[in-house]
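Heads up: the structure comes next, in C-alpha cells.
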Amino acid sequence: MSERVRAHVFVSGTVQGVYYRASTRDAAREAGVDGWVRNLRDGRVEAVFEGDEDDVEAMVEWCHEGSSAASVDGVAADYEDPEGLDGFEVRW
C-alpha cells in the first residue's frame with residue numbers, strides 16, 4: 001500500500017457542460033479516491049483527489065482525457081498535505 005497523497009488539480013479547455021464533473025466523480029469513486037470536483041467561473045474545472053499515491057496519480061492522468069465530450073487543453077496539479085477527506089462529491 002502506498003502513501004496517502006493529495007492532488008489539487010485545475011483543468012482547462014472545453015470542460016464545462018460536457019459531463020466532466022459527473023465523469024470525474026464516477027472515475028474517482030471507482031478508483032477509491034476521496035475528494036471533490038467543481039466548475040470555476042473562468043471555465044476551468046477544479047478537483048481535489050486524496051488517496052493512495054498510485055490511485056491519485058491515475059486520477060490526475062485521467063483528467064487529461066476526462067469525459068468523452070470534453071476537450072482538455074491543460075492540467076495543472078499541485079501536491080498538498082492530505083486533509084482526510086472521505087468520499088467523493090460534486091461541489092456547486
Side-chain angles (χ1 to χ4, degrees):
M1 189 165 155
S2 62
E3 178 183 350
R4 186 169 177 89
V5 299
R6 174 184 174 102
H8 192 169
V9 180
F10 294 90
V11 185
S12 59
T14 304
V15 292
Q16 291 190 13
V18 292
Y19 300 101
Y20 196 94
R21 289 176 301 162
S23 296
T24 302
R25 178 200 59 215
D26 295 347
R29 287 179 177 172
E30 187 173 315
V33 172
D34 301 311
W36 51 266
V37 61
R38 69 178 173 186
N39 285 343
L40 296 175
R41 290 185 180 186
D42 65 6
R44 295 179 299 162
V45 166
E46 177 183 21
V48 168
F49 304 114
E50 285 190 12
D52 289 338
E53 186 175 8
D54 292 343
D55 297 333
V56 169
E57 283 300 318
M59 283 305 305
V60 172
E61 285 304 311
W62 181 92
C63 287
H64 288 271
E65 296 296 324
S67 65
S68 60
S71 177
V72 176
D73 291 337
V75 176
D78 294 318
Y79 291 85
E80 306 166 343
D81 292 332
E83 294 181 0
L85 298 175
D86 186 26
F88 198 92
E89 66 181 9
V90 174
R91 291 190 176 172
W92 302 97

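By the 6.0 Å contact criterion, CZ on F10 is enclosed, its count of non-hydrogen atoms from other residues, nucleotides or ligands being greater than 12.
Evaluation of the salt bridge (Lys or Arg N to Asp or Glu O under 4.0 Å) rule for D81 yields no partner, not counting sequence neighbours. Residues passing the side-chain hydrogen bond (donor to acceptor under 3.5 Å, both in side chains) test with H8, sequence neighbours excluded: E46, E80. With sequence neighbours excluded, no residue satisfies side-chain hydrogen bond (donor to acceptor under 3.5 Å, both in side chains) with D78. Scored by the side-chain contact (heavy atoms from CB on, under 4.5 Å) test, R4 finds D34, E50, P82 as partners (sequence neighbours excluded).
Residue pairs meeting the side-chain hydrogen bond (donor to acceptor under 3.5 Å, both in side chains) criterion with at least one partner in residues 67-77, sequence neighbours excluded, do not occur; the list is empty. Residues in residues 82-92 take part in these salt bridge (Lys or Arg N to Asp or Glu O under 4.0 Å) pairs, two or more places apart or across chains: R6-E83, E89-R91. The list of salt bridge (Lys or Arg N to Asp or Glu O under 4.0 Å) pairs with a residue in residues 9-31, not counting sequence neighbours, is empty.
Hydrophobic cluster of L85: the remaining members, joined at side-chain heavy-atom separations below 4.5 Å, are W36, V48, listed by chain and number. As a member of the Ile/Leu/Val/Met/Phe/Trp/Tyr network built from side-chain separations under 4.5 Å, V45 groups with V5, V9, V11, V15, V18, Y20, V33, V37, F49, V56, M59, V60, W62, V72, V75, Y79, F88, V90, W92.
Put simply, the side chain of Q16 never gets that close to the backbone of D42: no donor and acceptor are under 3.5 Å apart.
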